[in-house]
Amino acid sequence: LLNCAALGPLVPVGSVVADLGSGAGLPGLVLAITRPDVTIVAVEPLLRRTEFLAEAALELGLDNVEIVRARAEQLHGSRAFGVVTARAVAPLPRLLGWAVPLLTPPGFLLALKGRSAHQEVTDAARELRQFDCAAPEVLSVVQPGGESTTTVVRVSRAASGR
């Protein structure tokens, strides 16, 4: 939970955030709790997970959460967001294809990654060019409590985005 909360300072005030593959609500529900000023759109294709997310949001009194049962690519062209988050969804090259079309320039993807972050950035060179992304940043973000860090890859969509 703390590694999800570490994303909070990276999200601009008042953002609408799409959380791809929201599943158990990580990082989406954690962000909704810690950042009541943002709206979280939890995007999840599986019915049982969307039912869980809806029940959890209701139980937690989170009125800043919208649950959308869909795959990310189903939202391409119909929804756009300033920020997209993802945790344990897919390797970066594949994730970019789902996330970047959802971003309004100069929006950005925040992908929670582990030790493989630098290699995933290298592996995603073709997709980064294809989607006209700015150079990715691999950030080491201090978790609440300050005892450990979370690795986040931030990829911005260029203002000229396609």
Side-chain angles (χ1 to χ4, degrees), residues 1-114 116-117 120 123-124 127-128 130-133 136 141 143-144 150-158 161-162:
L1 295 176
L2 292 178
N3 74 342
C4 295
L7 289 180
L10 300 175
V11 178
V13 172
S15 293
V16 178
V17 178
D19 181 35
L20 302 186
S22 210
L26 303 174
L29 293 183
V30 175
L31 281 174
I33 292 167
T34 60
R35 290 290 307 276
D37 64 298
V38 303
T39 299
I40 303 297
V41 179
V43 180
E44 172 58 52
L46 298 178
L47 177 62
R48 65 183 165 81
R49 291 181 182 164
T50 57
E51 289 173 344
F52 165 78
L53 290 165
E55 185 176 322
L58 182 65
E59 186 70 25
L60 293 167
L62 299 173
D63 59 1
N64 59 334
V65 175
E66 175 188 350
I67 313 299
V68 175
R69 183 173 176 220
R71 295 188 173 284
E73 58 270 27
Q74 292 173 300
L75 301 180
H76 293 176
S78 65
R79 297 286 299 261
F81 306 91
V83 179
V84 173
T85 60
R87 178 182 176 275
V89 172
L92 190 59
R94 191 171 345 137
L95 181 59
L96 289 170
W98 297 332
V100 175
L102 294 174
L103 292 170
T104 56
F108 55 88
L109 165 67
L110 295 173
L112 286 150
K113 294 293 182 181
S116 67
E120 288 191 43
D123 293 346
E127 290 80 6
L128 290 163
Q130 174 188 348
F131 290 111
D132 195 22
C133 296
V141 183
Q143 295 179 8
T150 298
T151 302
V152 178
V153 176
R154 179 168 50 197
V155 179
S156 297
R157 183 162 194 177
R162 297 179 203 165

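None of these values were measured; they are calculated from a predicted model. Excluded from the calculations below are hydrogen atoms, water molecules and symmetry mates; all remaining heavy atoms, backbone and side chain alike, are included.
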Identify the two heavy atoms, one from Ala6 and one from Thr150, that lie closest to each other, and give their separation to 0.1 Å. CB-OG1, 3.8 Å

What's the spacing between Leu47 CG and Arg49 CZ if we round to 0.5 Å? 11.5 Å

Do Leu128 and Pro136 touch side chain to side chain, with heavy atoms closer than 4.5 Å? yes

Separation of Ile33 CD1 from Leu62 CG (nearest 0.5 Å): 5.5 Å

Could you give the distance from CD (Glu55) to CG (Leu60), rounded to the nearest 0.5 Å? 10.0 Å

Using the salt bridge (Lys or Arg N to Asp or Glu O under 4.0 Å) criterion, which residues pair with Glu73? Sequence neighbours excluded. none

What distance do Thr34 atom OG1 and Leu29 atom CG have between them, rounded to the nearest 0.5 Å? 10.5 Å

Atom pairs and distances, side-chain donor-acceptor, residues 93-114, under 3.5 Å, sequence neighbours left out:
from	atom 1	to	atom 2	distance (Å)
Thr104	OG1	Phe81	O	3.4
Lys113	NZ	Ala90	O	2.8
Lys113	NZ	Glu120	OE1	2.8

Minimum heavy-atom separation for Arg71 and Pro45, please, with both atom names. CG-CB, 3.9 Å

Separation between CG of Leu58 and CG of Leu53, rounded to the nearest 0.5 Å: 12.5 Å

Short question: side chain of Arg35, backbone of Gly8 - any donor-acceptor pair under 3.5 Å? yes

Verify the neighbour count for atom CG of Leu2: are there more than 12 heavy atoms of other residues, nucleotides or ligands below 6.0 Å? yes

Shortest non-hydrogen separation from Val153 to Ala117 and the atoms involved: CG2-CB, 3.9 Å

Verdict with reasoning, Val152 to Leu7, per side-chain contact (heavy atoms from CB on, under 4.5 Å): CA-CA 8 Å; Val152 178; Leu7 289 180; 3.6 Å; yes

Under 3.5 Å, side-chain donor or acceptor atoms of residues 11-25 against the rest of the protein: list the pairs with distances, not counting sequence neighbours.
from	atom 1	to	atom 2	distance (Å)
Ser15	OG	Pro12	O	2.7
Asp19	OD1	Thr85	OG1	2.8
Asp19	OD2	Ser22	OG	2.6
Asp19	OD2	Gly28	N	3.0

Inter-residue atom distance Glu44.CD - Glu51.CD, 0.5 Å rounding: 11.5 Å

Test item: Arg79 and Val68 side chains (from C-beta on) under 4.5 Å apart, heavy atoms: yes

